[in-house]
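Below is one structure, written out as structure tokens; the observations come after it.
Basis for what follows: all heavy atoms, side chains included, without hydrogens, waters or symmetry-related copies. Predicted, not measured: the structure shown is a model, and the values here were computed from it.
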Amino acid sequence: MREALRSLELTVRGRLDGLLQGNHLGLVPGPGTEPGEARTYQPGDDVRRMDWAVTARTTEPHIRETVADRELETWAAVDLSASLDFGTAGCTKRELAIAGLAAVGHLTAGGGNRLGAVVSNGQELTRIPARGGSDYARALLRRTAEVPHPPEGASGELASLVEALRRPPRRRGLAVVISDFLGRVEWQRAMRGLSARHSLLAIEVVDPRDVELPSVGTVQLSDPETGKQREVTTTPLLRREFAAAAAAHRERVAAELRRVGAAHLVLRTDSDWIADIVRFVVARKRGWSGGVV
């Protein structure tokens, strides 16, 4: 376990720093997230920072400046329920979720910043307090990886996990939710509550078999979170229907995440997930500076 996590840390640190060419590209805007003074809008300002109350009162466009926080507190809700103990490509979704957490830790490290987590395997919830330092970040990652695998039939509720991250209220910072977002889409209220107070990032981990079935004849499908099994024949019609249903679910997840104000990063077990993270971070940097994403 220690060797695997050490290898993961070196991979994340080496490749992220290399691909980002040493620039400090974090997951939240550099100026900070605490509201400051309002000022007159200038061409090139980010319209998402418009202060509509002041604009209406003065009849002149104003934006709200942000004050740099001296330190950032990041909390991650990590879903390690039974549906993540699955993978048909380079790794399992559980391993990719832990890798995503490692990347978040690296991108928010330094300057007195702190990292904490709530982790659920569907049966028990583990709370890891937020503290700073690279040694603590490694310890947090190890504790997350050591959370027991759930037995088949243990059903995880993402809404409950997000609510555990939302309460008790924490100082403003970055909230990260890592999950495959399968199952019922009933987490919007809890996610919206997080977004109202924090910068919110949703990391969706996906395996190719989540979105399409291979042509393999007759197979037995099993739902790891209910234990239900069903034997099916992967006919062309069944494969088309499965792909359509999977696409519709993922489209709904993406739409709901947009509605609650979450940034949305998709990591796949069959792709270069570090390159995907780099593209995401660079796109957010351009968005903050008023560039085209």
Side-chain angles (χ1 to χ4, degrees), residues 1-30 32-34 68-80 84 91-121 124-149 161-162 164-166 168-179 194 198-203 205 265 267 273-278 280-281 284:
M1 173 69 74
R2 288 180 180 273
E3 290 76 10
L5 291 177
R6 178 60 176 167
S7 176
L8 173 62
E9 179 188 11
L10 292 174
T11 299
V12 168
R13 182 192 303 170
R15 290 201 59 206
L16 278 182
D17 286 348
L19 290 172
L20 292 174
Q21 299 177 334
N23 292 327
H24 178 69
L25 296 176
L27 293 172
V28 293
T33 55
E34 292 292 336
D69 293 330
R70 286 175 294 182
E71 53 189 31
L72 171 71
E73 187 165 285
T74 298
W75 278 88
V78 187
D79 176 11
L80 297 183
L84 282 93
C91 60
T92 66
K93 290 190 288 183
R94 177 187 172 107
E95 291 167 340
L96 186 54
I98 293 170
L101 177 60
V104 168
H106 180 74
L107 288 168
T108 59
N113 295 345
R114 297 186 297 273
L115 176 66
V118 291
V119 187
S120 175
N121 65 358
E124 59 184 59
L125 184 75
T126 301
R127 292 182 182 271
I128 308 173
R131 295 177 185 167
S134 57
D135 289 343
Y136 184 76
R138 282 192 288 270
L140 180 145
L141 200 63
R142 184 169 62 252
R143 284 191 61 186
T144 302
E146 290 173 347
V147 168
H149 292 257
L161 173 60
V162 175
L165 181 61
R166 191 166 78 94
R170 298 176 172 88
R171 60 169 295 176
R172 294 181 185 274
L174 173 64
V176 183
V177 178
I178 306 175
S179 175
L194 275 180
H198 307 280
S199 295
L200 179 59
L201 168 63
I203 300 180
V205 292
L265 167 61
L267 302 180
W273 56 270
I274 289 187
D276 292 336
I277 290 173
V278 169
F280 174 82
V281 173
R284 283 176 66 80

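- Smallest separation of non-hydrogen atoms from Gly116 and Leu140: CA-CD1, 3.7 Å.
- In this structure, CG on Leu8 lies 10.0 Å from CD on Glu95, to the nearest 0.5 angstrom.
- Under the 4.0 Å criterion applied to side-chain N and carboxylate O atoms, Glu73 and Arg171 are not assigned as salt-bridge partners.
- Leu267 places none of its side-chain heavy atoms less than 4.5 Å from the side chain of Phe280.
- Residues Ser179 and Val205 are not in side-chain contact: their nearest non-hydrogen atoms beyond the backbone lie 4.5 Å or more apart.
- No side-chain donor-acceptor contact under 3.5 Å links Arg143 to the backbone of Thr126.
- To the nearest 0.5 Å, atoms CG (Leu80) and NZ (Lys93) are separated by 12.0 Å.
- Atom-to-atom distance recorded for Leu96:CG and Cys91:SG is 4.5 Å, nearest 0.5 angstrom.
- Between Leu194 and Val177 the shortest side-chain heavy-atom distance falls below 4.5 Å.
- Here the closest heavy-atom approach between residue Trp75 and residue Pro129 is recorded as CH2-CA, 3.9 Å.
- Looking at Val176 and Leu200, their side chains never come closer than 4.5 Å, going by heavy atoms from C-beta outward.
- Within the 4.5 Å cutoff, side-chain heavy atoms of Leu107 are placed close to those of Ile277.
- No donor-acceptor pair under 3.5 Å is formed between the side chain of His198 and the backbone N or O of Ala175.
- The closest side-chain heavy-atom distance from Arg138 to Asp135 is below 4.5 Å.
- Across Leu161 and Ser120, no two heavy atoms sit closer than the pair CD1-CB, 3.9 Å.
- Nearest heavy-atom pair, Leu165 versus Ala77, reported as atom, atom and distance to 0.1 Å: CD2-CB, 3.7 Å.
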| request: May I have the step-by-step check of side chain to side chain contact (heavy atoms under 4.5 Å, CB included) for Arg94 and His149, ending in yes or no? | output: CA-CA 9 Å; Arg94 177 187 172 107; His149 292 257; 3.3 Å; yes
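- For Asn113 (side chain) and Leu72 (main-chain N/O), a donor-acceptor pair under 3.5 Å exists by modelled atom type.
- Annotation: salt bridge (Lys or Arg N to Asp or Glu O under 4.0 Å) contacts involving residues 97-112, sequence neighbours excluded, are absent.
- For the side chain to side chain contact (heavy atoms under 4.5 Å, CB included) criterion with Val147, the lone passing option out of Ile98, Ile128, Val119, Val78 is Val119.
- Put simply, the side chain of Leu84 does not reach to within 4.5 Å of the side chain of Thr92, judged on heavy atoms.
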| task | Let me see the working for Trp273 and Val12 under side chain to side chain contact (heavy atoms under 4.5 Å, CB included), right down to the final yes or no. | result | CA-CA 10 Å; Trp273 56 270; Val12 168; 3.7 Å; yes
| request: Given side chain to side chain contact (heavy atoms under 4.5 Å, CB included), test Asp79 with Ile178 step by step and report yes or no. | output: CA-CA 6 Å; Asp79 176 11; Ile178 306 175; over 6 Å; no
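- For Arg127, there are no side chain to side chain donor-acceptor pair (under 3.5 Å) partners, not counting sequence neighbours.
- Taking 4.5 Å as the limit, every side-chain heavy atom of Ser199 sits out of range of all side-chain heavy atoms of Arg172.
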